[in-house]
Every structure is written in structure tokens, then in C-alpha cells.
Q: 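The structure is given below, and queries will be raised subsequently.
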There are 2 protein chains.
Amino acid sequence: MAGVSTATVSRALSLPGKVSAGLRARIQAAVATLQYQPNIAARMLAARRSWTVAAIVPTIRNNVSASCLEAIQARLEAAGYTLLIGVTGYEPEREYQITEAFLARGVDGLIYTGASHLPATYAALERHHVPFVNQCVFEPDGPHPCVGFDNREAARLVVQHLLELGHRRIGMVASIQLANDRAAGRIAGVVETLAACGDPGWRVPIIEQCSTIDGGRAGLALLLALPTPPSAVICGNDILAYGALFEARDRGLRAASELSVIGFGDLDLSEQLGLSTLHVPAAEIGRLAAEYLLARLAGGAPLHATRIEIRLAARASTAPPRALAVDSAP
Amino acid sequence: MAGVSTATVSRALSLPGKVSAGLRARIQAAVATLQYQPNIAARMLAARRSWTVAAIVPTIRNNVSASCLEAIQARLEAAGYTLLIGVTGYEPEREYQITEAFLARGVDGLIYTGASHLPATYAALERHHVPFVNQCVFEPDGPHPCVGFDNREAARLVVQHLLELGHRRIGMVASIQLANDRAAGRIAGVVETLAACGDPGWRVPIIEQCSTIDGGRAGLALLLALPTPPSAVICGNDILAYGALFEARDRGLRAASELSVIGFGDLDLSEQLGLSTLHVPAAEIGRLAAEYLLARLAGGAPLHATRIEIRLAARASTAPPRALAVDSAP
DNA sequence: GCATCCCCTGAAAGAGCTTACATAGGCGTC
DNA sequence: GACGCCTATGTAAGCTCTTTCAGGGGATGC
């Protein structure tokens, strides 16, 4: 209709700079009147490029994941890419299957959460020569590109907050650390910091639970049943912390001075519930992860590891333990 | 490698029944040793079928959406389809763009939330002859297939619950009804039911707010600033209800007898927060929406409209209003 | 004024699969 | 025993784009 070859149309659409202005206008007019839309399958086949990137996350049931995904999507779309989302449910085997499925679909890049993936997953990535990035972890010395923060260091911040408030008997309700390096990092951070700066006589009790409200409740219940229950509880994430908070409330432990609870992640509701927590800038992580991949896809060699600043959001759920609070009264 | 033609391989892979057992085994062995993976782009191009279905939702920031999506994904995967997710942020124009993008990608079917979409969106769907279904609405007489419940009827259930508790002064914090037929349906249901069964002297105040915690807080604040503030507040969804609950708490309105709040949706946290709400079986809706599409894709003519049963979850946030509570005391 | 070079465009060859159609056996039937 | 039909497999023609390569035409330089 524009009186040109298909080659020129193809160029006008994907490399507008390579076609003269007159032709480009004619082609665009024709495209508009014909409502022409390129067949993406044919484009993928011919160009060996899908303009598709996949993000594989353990869950979409929390705002941190959602923010992350939204940020990734926004950045990717601006660059003309489509986002595919995979949800593993924290199962490495499932993650591998999803990886294979996406690779078969010809995704141009992948974004993972955490750095601990099945060897088969890494092998598949290697075999297809597809770039990827691990988000929510920071391992500058590791072999894989990443965007995030050091979970041990984050845990240290949390512990120090509690130590400064005067807590000595500190417990933890962690999420299952098997196949979850972020959970493992947080546990390690708590243990290390307490070993270095805490009461030498205190062996920190750690309960691993599924990341649900009920998991948090059960975890706290177990901690409170100990002969010497802790005065402060660190939770592996905010969902567990909500559970702990609700369980404490139901047991009549209302004030933070009776039991301090601190979380990890800073979900939307955490501020409203007065939960002290480690704030994670999810949207920024997502955006930078997408940025990394786009740079790779454009042929660049972006920074291997990007560090994200985190900060502690101290709120009402943490306070000096009762004994101290009394001591320090005038 | 198996000594057969590509046609036979293709058949062995997609229509195993049409190939003899011996060859099938030979081919599968070859596939395994070569780690052969079909090129999906080529398959899409040749078969004019992408084995991809898209779900377009307003947001993924709540558990109802997430449950829905997970259920859709599970059902689709079982049938060999891949799910593409689009997020509109409640913007019809964006929804249209996403639709066009997915259509260009050759999706085989689409799942929408609600039934009010831009004419351009419906036109695009029509033009491509792609089947779709609207979930979370039930309009047996409407022109479009749907899986869900009648939002008016649901609102009626909520109003009746409050009326039965003895509330007469009922207000509403709704989500923005522009371009959101579910919000509009709920508002209409509240107004109608109250007009029919409520106090004739009471004109129900309705505040529309964005579906956020802060929206809920602001909405409640406005209602409480009225000359005759309501004794019970219906919220368009649970997020708004959380906001209302927090605002009420911060104002010292602790008991449901001072101010009853009821939501819509029944998110994970609602039970913990003691929020009365209309329970929506999100996973079932998602599963059935996927089921509908799969049936269409298989050439069938499934039910045009599927009704989902809903129920009211009465919890601590609703109670008889104070005056009545006192009256009914012995 | 002619040669050189560069820019723009077109022709044509794939990219890797599916599927309609052709073909070759195998079997049942009369 | 021959004919016909059915099933299993092969042949080859697409599906719709991208991209290499070649060529034409205009501008530039000497």
C-alpha cells in the first residue's frame, strides 16, 4: 500500500533512522489505516530475539514482590520489552522447570530472587547464553550478577537496634532457610552479631516457620514456651512478624516493653500496625535489576553487583524491655 | 537422529497418539540425548497458536488478585498454556494498550476483571477473534461471558447484615466507580437496598476514595465529620476497610458498637484484624475463568455466565450500635 | 565532468516449525 | 487373490518477519 518492499517496512518500524522521512511517513500512514500489527512470532523467529524478559519470584502474595514486579515491568516496557512472571512457591525444582519453560519460550533475560538456585538452573542459563541477574542479594565476590543488599548486614542492623534498646534475651522466628539464601543470611547475621555483641550466656533460640500469619503465631508460641522466653523477637519477614504481633496481642502481651517484635521488609501495612522493621526499597531493587538486564541486552557490561541502601524503620513494636524501662524511670 | 522426518517428530511431540509406539520411543530418546527443545516462535508462527493466555488485572497488590492469578496459572499450566499477566492500575486506556500488546503477541485468550472495558478494547478483541472472559462479575443477560458474582447482590448481603444488627445510619467509603463496574455495582447495591429496607429519612453518604489505606482513613474521616455521622461504614474493599479501622482506632473508636466497619473481599489479614467482610472465593473464580477459556479454546461452548457463591464473614468489627446495645441490656 | 563513496531501497534467503496432501504398506472382504 | 480402505509416515509448502547483499542514485571531491 505504501508502494515499498517489506524490507523497508521492517526497517521503518524497527530502525526508523535508516529510512528516509518521506517513506517513513507513507509507511506510518499505511500502518495506521491498515491497523497493521507485526506478527511477533515471526519477528521472534526471524530475529532470534523475543523482546521478552522473565522475572521469577517465590511469591506474589506480598507488596514487596508486587512493588518489585511493577518496577521491573515499568522499566522493561519503557524499553520495549514484555515481562513474563513466574512464581516458584519457594520450590527450587519448580524454579528450574519454570526456567526451562521460559528459556524454551526464548526469553532474552531473566531476573531471579536470591542467589541460591539449583545447579540445573544455572546450567540451563549457561547453555542458552541468556543473561540474568539475582535480585535482593548482594554478593560482590560471587560468580553471579546481583542487585540488592547483604542480608547478614541487614540482620546486624536489626540486632543492634534491639541491643541498643537494652534487650539481651533475643529470639528469632525465621522463614525456612532451606533453599532460601536470604532467610539463611538473615539467620546467620543474627547469630553472628549476637555472638559478637550479645550476652555470652544467651543462646539465641531460632524457630523456622513458613512465611504465613499462622507460621508467625506458631513461632512466637514456641518461643514463649521456652523456660526463659525472649524479651524481643526478630522475624524473618513482615508476614511472620504480623503473626507474632497477633499472637502476642491474643495472649494479652500488648506493649512492646512486654515483648518487642521486629520484622523484615516493611510491607504496606507495617507502618499502620506500628511494626518496627527493616525497610527494603523494593521498587528500586526491581528497577535496577531491570536496568542491569537492559544494559546487558544492549551489549553493555554493567556493574556486576549493585548495592541497595537499606534502613531500619523503628516503630512502636520495639521498646526497651520492661525491667529496663522501670530502671530508667526517674 | 531417530531416522524419521521432521513431520513425524512434530507429531510425536504434539499428537503422541498419531505415531506408532516404536517410533515414539526412538524420537523421545533422541529428544532426551539432544536436549532438543522446540522453538516456540516457529511453532507459534506455523500453527497460528501461541499456547498463551493473558490475564489483565487492575492490581496485583492484594491477595485476592494474587489468589486468582495463582489459580488461573495452575489450571492453565495443567493444560499446557503459559500465563501472561498485565496490570492496568485501574486505567481503562492502559488496559486497552495492554490488550493490543497481548493481541499482537498472539495470545489465544484473555481474562479480564470486571465487564466495563473501553469500546476500543472490545473492538480489538472482536477484530482478532480471540475468546475472553470477564471475571468477578455475573451478568447472565450481558453480551460478554463472565465468571463471578453479582456485586449488587453482594452489597445487599452486606447492608442486610448491618440492618439486622440494628444500624440505621449507614455510610460508605467506596472505591472510585468511574471505569470500575464492580465498585459501581456495590454502590448501587448499597443505595438500592437502603432505599428499600433502610430508614426513609437517611440519605446514605458515599465517599469515593482510592483503594489504599490512606484512602480508607480519609474516607472515614470525612464521614465522621458529617453533622450526623454514621454508626456503621461499608467499605468498597478490604484495603479501604483497613484504613477505616486504623483511622477509627487512632480516634479512640475502639469497639464495633461505637463504629462498625465492614469490608469486601476478605484478604488474608482480615480475619486477624477481626474485620467483617464479604468473602470472595478468589481462587475458585480464577480456576473457573481459566476453565471457561480452556473450553472455548478446545472448541467447546461453555456456559456463558457462571455464578460464584459468596458469603458474609461476620467478625468483630461489626456489632449492634451502642444505643441499641444499651437498650437490649437487661 | 567524472570517479568515488555513501545512503537508501529492494530482492531473496532463511528462521524452525506445522499440516495438507501424497504415498506406501497392511489388512479385511468378497 | 485382488481390490479398496485405513493407518503411519514422508514431502513440501507455507507461516511472517529480519537481514544480508547488491544496486541505483545523488552528493562530494579533484
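Predicted model only: the values in this text are computed from it and were never measured. To find a chain, count down the sequence lines: A is the first, B the second, and so on, and within it residues start at 1.
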Q: Would you mind telling me which of D:dA12, D:dC15, D:dC17 lies closest to the side-chain atoms of B:A7?
A: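 So the side chain of B:A7 is nearest to D:dA12.
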Q: What contact category does B:A47 fall into here, base, sugar-phosphate, or nothing, at under 4.0 angstrom with non-hydrogen atoms?
A: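 Counting heavy atoms under 4.0 Å across all strands, the contact made by B:A47 is with sugar-phosphate only.
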Q: Distance-only, no hydrogens or angles: does the A:S175 side chain make a donor-acceptor pair with backbone N or O of A:S211 under 3.5 Å?
A: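 No: the side chain of A:S175 does not pair with the backbone of A:S211.
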Q: For C:dC17, take OP1 and OP2 only and decide whether either is under 4.0 Å from a side-chain N or O of B:Y36.
A: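 Yes, B:Y36 has a side-chain N/O under 4.0 Å of OP1/OP2 on C:dC17.
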Q: Under 4.0 angstrom, heavy atoms only, what part of the nucleic acid is A:L23 near: base, sugar-phosphate, or nothing?
A: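 Sugar-phosphate only.
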Q: Atom CZ of A:R49 and atom P of D:dT16: how far apart are they, to the nearest Å?
A: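 A:R49 atom CZ is separated from D:dT16 atom P by 24 Å.
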Q: Can you tell which of C:dG16, D:dC15, C:dT19 lies closest to the side chain of B:R48?
A: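 Side chain of B:R48 sits closest to D:dC15.
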Q: For the pair made of CG in A:L45 and P in D:dT19, what is the distance, rounded to whole Å?
A: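 Whole-Å distance recorded here is 12 Å.
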Q: Taking the inter-plane angle between the rings of A:Y112 and A:F132 on a 0 to 90° scale, is it parallel (under 30°), tilted (30 to 60°) or perpendicular (over 60°)?
A: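 Ring orientation of A:Y112 relative to A:F132: perpendicular.
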Q: Just by distance, do the side chain of B:S10 and the backbone of B:T6 share a donor-acceptor pair under 3.5 Å?
A: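 Side chain of B:S10 to backbone of B:T6: no pair is present.
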Q: In whole angstroms, how far is the C1' atom of C:dT18 from the CE atom of B:M44?
A: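 So the CE-C1' distance, B:M44 to C:dT18, works out to 14 Å.
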Q: Need to verify one output field. Residue with the more 5' nearest nucleotide on DNA chain D, A:R11 or B:T6?
A: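 First, find each residue's nearest nucleotide; the 5'-ward one identifies B:T6.
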Q: Give a yes or no on whether the backbone of B:G142 and the side-chain of B:H304 come within a donor-acceptor separation of less than 3.5 Å.
A: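 Flag set: sc B:H304 to bb B:G142 pair under 3.5 Å.
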Q: I'd like to know if the side chain of A:H117 reaches the main chain of A:G114, judged simply by a donor and an acceptor atom lying under 3.5 Å from each other, with no hydrogens or angles considered.
A: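 Yes; at least one donor-acceptor contact below 3.5 Å.
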Q: Where the side chain of B:A46 is defined as all heavy atoms beyond and including C-beta, which of D:dT18, D:dT20, C:dT18 is the nearest nucleotide?
A: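 Nucleotide nearest to B:A46's side chain: C:dT18.
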Q: To the nearest Å, how far apart are B:L13 CG and C:dG16 C1'?
A: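 One finds 13 Å between C1' of C:dG16 and CG of B:L13, rounded.
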Q: Counting side-chain heavy atoms from CB outward, which of D:dG10, C:dT18, D:dC17 is closest to A:P38?
A: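 So the side chain of A:P38 is nearest to D:dC17.
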Q: Nearest to the side chain of B:T8 - D:dT18, D:dT9, C:dA11?
A: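 Comparing D:dT18, D:dT9, C:dA11 against the side chain of B:T8, the answer is D:dT9.
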Q: In whole Å, what is the span from the CH2 atom of A:W51 to the C1' atom of D:dC17?
A: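 Checked: the CH2 to C1' distance equals 14 Å.
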Q: In whole angstrom, what separates B:R43's CZ from C:dC17's P?
A: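 So the CZ-P distance, B:R43 to C:dC17, works out to 8 Å.
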Q: What's the CG-C1' distance between B:L15 and D:dT7, to the nearest Å?
A: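 Whole-Å distance recorded here is 14 Å.
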Q: Starting at CD1 of A:I40 and ending at P of C:dG16, how long is that distance when rounded to a whole Å?
A: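 Whole-Å distance recorded here is 19 Å.
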